[in-house]
Amino acid sequence: MNVLMGFYFIGVIEMWKHKGIEFRREIQDVNGADMLAYLGRNQKEVLHRVNLENKSVMKAIRIQKEVVLIKLAILDKELILSFPQLIHPTMQIAKAATDFVDEWFDLSRDLQPFYDLAHRDEILKEVVLAYKGLRIIAVEELFEALSWSIMGQQISLQVAYGLKQKLVTTFGESVVHDDIEYWLFPSAEKVASLNVEELRNLSFTQRKAEYLIGVAELIATDQLNKEQLLVMSLGEMETRLTAIRGIGKWSANYVIMRCLRHPDAFPLADVGLHNALKKVLNQSEKPSLAEIEEWAKNWSGWRAYATFYLWRTLQE
DNA sequence: ATCCAGGCTCCTG
DNA sequence: CAGGAGCATGGA
């Protein structure tokens, strides 16, 4: 059975090799330790669960109509994907899950041009040496990415994670494995059906509640989708997203960076970015927006990656 | 206590 | 059209 399945999978999923109940992909230039640190940075995260001892992350994802739990070990030279709740994953599920991981960790991107650029940049030079192999971790679902940017506006990450936890555990779906609950972000359809009061009960502000429901309606009615955005230029993406009530330049660029994966998206107004620059430059005050824009000229093409690497410095 | 958190809209003058 | 109030909550 396994031999047959092995032949079946090979060739279908190029980079991934099937061995027994596991799928393995050899990796280079992936900084697993820092990826796991980023994934595990907040205790209130409910959409995945990191286990630093076995260097793995567990996450429930939706494949077609099915909810599938995946376990991904991130080792030095390879990724190991397995399905804790499935004895015989179908080819369709294996293909979708490996595709998910490839995109989640931006595995197809060659970071060498970014390293070259950073090596010539006084601000990024040491940061990029320190975290080399860190890749932008995606928020794959457009609705989740937009929601997260709305929840993150103005307030601290702690409060934002608290809002997300309440939203997800109140209106999302979950699967249970070994007595642990793994959550999926609620669907746009579900959130579009809510009223403002129901979100206010979860400590959302009036505004945040209105924004979230509005975005949910746009996605649920397919007036907005990831496919239409992905074919746009960076500027067009920003224009389209900032036309949505509740989505300003910061949120738009956050979504473009984390979900649409444009490597040059740049959340200029981001407080985390400001604090990271203050820290890296060892200054007593946060830099001005004008200064940051000036420095960022040298990061052109890779400003999203520059931002993600700078964020990483805040966790230490 | 006061200020600041991975901002945005809307209302003033 | 620039500038500022208001949002709601938790941690320093």
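Here is how names work: the chains are called A, B, and so on, in the same order as the sequence lines, proteins then strands, and each is numbered from 1.
Between A:D270 atom CG and B:dC8 atom P there is a gap of 10 Å when expressed in whole angstrom units. Taking atom NZ of A:K286 as the reference point, atom C1' of B:dA5 lies 9 Å away to the nearest angstrom. Distance, A:N201 CG to C:dT9 P: 11 Å, rounded to whole Å. As rounded to whole Å, 16 Å separates atom P of B:dG7 from atom CZ of A:F204. The distance from atom CD of A:Q43 to atom P of C:dG11 is 13 Å, rounded to the nearest whole Å. In this structure, A:L273 atom CG and B:dA5 atom P are separated by 13 Å, rounded to whole Å. Regarding A:N275, its CG atom lies at a distance of 10 Å from the P atom of B:dG7, rounded to whole Å. In this structure, the CZ atom of A:R245 is 13 Å from the C1' atom of C:dC7, given to the nearest Å.
Taking the six-membered ring for Trp, A:F171 and A:W183 have ring centres at least 6.0 Å apart.
Residues A:R120 and A:D116 are not paired through a salt bridge, judged by the lack of any N-O separation under 4.0 Å between the basic side chain and the carboxylate. Residues A:E144 and A:R62 are not paired through a salt bridge, judged by the lack of any N-O separation under 4.0 Å between the basic side chain and the carboxylate.
In the set C:dA8, B:dC8, B:dA5, C:dA8 carries the atom at the smallest distance from any side-chain atom of A:T205. Listed candidates were B:dC10, C:dA8, B:dG7. Nearest to the side chain of A:R200 is C:dA8. Comparing B:dG7, B:dA5, B:dT9 by their closest approach to the side chain of A:W250 singles out B:dG7.
With A:E210 contributing its side chain and A:R207 its backbone, the two residues share no donor-acceptor pair below 3.5 Å.
Distances shown here put every side-chain N or O of A:S203 at or beyond 4.0 Å from the OP1 or OP2 atom of C:dA8. Put simply, A:R207 has no side-chain N or O that comes within less than 4.0 Å of OP1 or OP2 on B:dC10.
The salt bridge (Lys or Arg N to Asp or Glu O under 4.0 Å) with A:E78 is formed by just one residue from the set A:R24, A:K17, A:K19; it is A:R24.
The separation of C:dA8 from B:dC10, taken at their P atoms, amounts to 14 Å, rounded to a whole angstrom.
Across all strands shown, A:L202 has no heavy atoms under 4.0 Å from either base or sugar-phosphate atoms. Nucleic acid contact for A:V159: base, since at least one base atom lies under 4.0 Å from a heavy atom of the residue. At the heavy-atom level, A:K208 lies nowhere under 4.0 Å from the strands shown. A:I247 comes within 4.0 angstrom of the backbone, heavy atoms only, and of no base. A:K166 comes within contact range of no nucleotide atom at all, as no heavy-atom separation falls under 4.0 Å. Residue-level contact check: A:S251 touches the backbone only, with heavy atoms under 4.0 Å from sugar-phosphate atoms and none from bases.
Nearest-nucleotide assignment on DNA chain B puts the 5′-proximal partner with A:Q158, out of A:Y211 and A:Q158. The 5' end of DNA chain B is approached more closely, in terms of each residue's nearest nucleotide, by A:I155 than by the other of A:I155 and A:K249.
For the pair A:M35 and A:L134, the minimum side-chain heavy-atom distance is below 4.5 Å.
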